[in-house]
Amino acid sequence: MHLSGIDQVIVVLYLAAIMGIGLAMKRRASKGMSSYFLGGRQLPWWALAMSGSSSYFDITGTMWIVSTFIVLGLKGMWVHWLWGFPITAFYLAYMGKWIRRSDVMTGAEWMMTRFGAGRAGDIARLSYTLFAVLTITALLGYGAIGMGKFGSIFLPFSPTVCAILILGVTGIYVVAGGFHGIVRVEIAQTIVLSAGAIAFAVVGYMHFDAAKFAALVPASWMEIIPTSARPSDLQGMISGGTDYSLFGALMAVWVLKGFLLCLSGPEQLYDFQRFLAAKDERDASKLGALWGLIHTVRWPFAMAIAIMAIMGIGNAALDQQLRADPETALPLIIGSMLPVGLVGFMLAALLSGFLATFSSTVNGGAAYLVKDVYQRYINPKADAKRLVHVSYFSSALLIIVGLIISVFGTSINAAFLWIFGTLAAGILPPNVLRWYWWRLNGWGYAAGVFGGMVLSLGQVVLDTTYLSEPLPLYIGFPVIALASSILTIVVSLSTEPTSLETLKVFYRKVQPAGFWAPPRAAVLAEDPDFKKQTPFARDVVNTLIALVGITALYVSMLYLILHQLTIAFSLIGTTVLTVVILYFTWYKHLPPAREAGDYDESEVAMAAAGAEFAEGK
């Protein structure tokens, strides 16, 4: 399958424009670390929301989503709890403002505001940095696998060569532009991507034939709630290395993992960066809401591709290739069923999604390497110019390592499950506890993270060396998560707690919820008038309302494409009702906007210094 000359021109012009924006931002990004990684915290909330949403809409992930709908039908929506698809409900209700109040530059640097600047805080920061670098390189490898498959449909090269070409060319603007370039490019990308997704959703809606489709799928394909833990139509169903026979057990793990992820805050690391870049906690909350809304277009687009793939391309060879590997449905449908010109537009739209995720991942990973490795351990006295140059090198290094990883991977599903299932199982328990339990200290956090990473990598060795088939997620995830939880709690209780001075600063500034009695009592002893900006009970109610609204909105899009209009509009009505309620329970109670200069960026350093003194370093 080859691109026409017109389509090639459209794609080349689009890539040239994107790279031009990135290079144009090079001068602004080179002003310093805050400018390179956070845009100087001067970017508007709606721009950050568009950037974050498009970062979630990547080609590889969309190829995987399409494949789950093809194989599982509407029940495939349950799989997407694995990456916490309704997490924006938590972002808008409280997690976004918690993150922004910390006033740091990276998630690892955040560890020092939570655990102090002593040895415990340092080991927590190091553990998170290593986890971040491991996860980001794995995500880049996962993305490269998808781009290799995608590119090989249109280019006369192998998937590996396609991945090298695409990541190599687009890496130029990513390395040069920094966060200013990324966000500004992603505004344009979000517009192009949303327009392309909506256009193709309309094509899929018009292409759908209910009678023909019903003859091609089992009746249970239309059921979003399984009738049993072992659905009869899924017995023996294996796709992408996953056996869906015991669907009930998998569904329980997907939901549990997704809920823990939502409680723990951003796990994909570059999304953490979006909230740190907001001007204040009000903007952080608003960007979380818009982020979820913009992401809606991904679902009708994915379902449109899925139904067109099931109904067939009409070419025997392509239909056979589609049946052999459902993960290739996205490029095959676009390349074979759209007219000249529209193919180029759709490829440009999808490249927008890829570039958004790719650039955010690389920029986020470089932030950890520079701030939490190079500046922390190698060259603490490096000036701003030197740090930006190291940022360029770090970004390039991450891209190269991601490409190397992709050479050894063939399945998007397998890579995704390891990153978001197995690897995440070890990091989630300490990541949840850091927000809600005062007694968690840096030693306990590091023990949980290091232990989880070792167990996750150990399962890879077990699966590839000793077992004939990979360990099912419903066995591996609970075992690793439970082991990490025990390790985290036991080590925390066996070592000295974080200094009360550090906890007081953290509690007063971030205003977390949960089990914080000692720090809260200490803060009130010093300031009896201290009061949180928003009661957490209200945050919980808003989270639940938003959770219902976002889920109803996303699922309604699936039913809309399937011509199930009564269900679709009932769900949309549910979403509208939740929006009206949230206007009064959430929007009217947002924190006030901060004026320029209200935030003192030195507070973090002062808190760390106080903690260092209190811990007797």
Side chain proximity check, Met303 to Leu74, heavy atoms < 4.5 angstrom: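 They are in contact (side-chain heavy atoms under 4.5 Å apart), so the answer is yes.
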Are any of the side-chain heavy atoms of Leu342 and Phe345 separated by less than 4.5 Å?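 They are in side-chain contact.
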Closer than 3.5 angstrom, by distance alone: can the side chain of [X] be matched with the main-chain N or O of [Y] as a donor-acceptor pair?
X: His563; Y: Tyr205; value: yes
X: Thr88; Y: Gly288; value: no
X: Thr68; Y: Ile65; value: yes
X: Trp435; Y: Ser264; value: yes
X: Gln235; Y: Pro231; value: yes
X: Ser152; Y: Lys149; value: yes
X: Tyr244; Y: Arg230; value: no
X: Thr578; Y: Thr575; value: yes

Indicate the ring-plane relationship of [X] and [Y], choosing parallel, tilted or perpendicular according to the 30° and 60° boundaries.
X: Phe213; Y: Trp221; answer: perpendicular
X: Phe150; Y: Phe154; answer: tilted
X: Trp81; Y: Phe85; answer: perpendicular

Pick out which of Leu260, Leu261, Val255 makes a side-chain contact (heavy atoms from CB on, under 4.5 Å) with Lys257.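 Among the candidates, only Leu261 passes.
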Worked check of ring pair (Phe, Tyr, Trp, His ring centres under 6.0 Å) between Phe69 and Trp64: CA-CA 9 Å; Phe69 286 143; Trp64 174 69; 9.5 Å; no
As a quick check of understanding, evaluate side-chain hydrogen bond (donor to acceptor under 3.5 Å, both in side chains) for Asn431 and Tyr128, giving each step before the final call. CA-CA 10 Å; Asn431 265 0; Tyr128 191 85; 5.0 Å; no
Which residue, Trp78, Trp83, Phe247, forms the ring pair (Phe, Tyr, Trp, His ring centres under 6.0 Å) with Trp254?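 Going through the options one by one, the only one that passes is Phe247.
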Decide if atom CZ of Phe208 counts as having more than 12 heavy atoms of other residues, nucleotides or ligands within a radius under 6.0 Å.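 Count over threshold, so yes.
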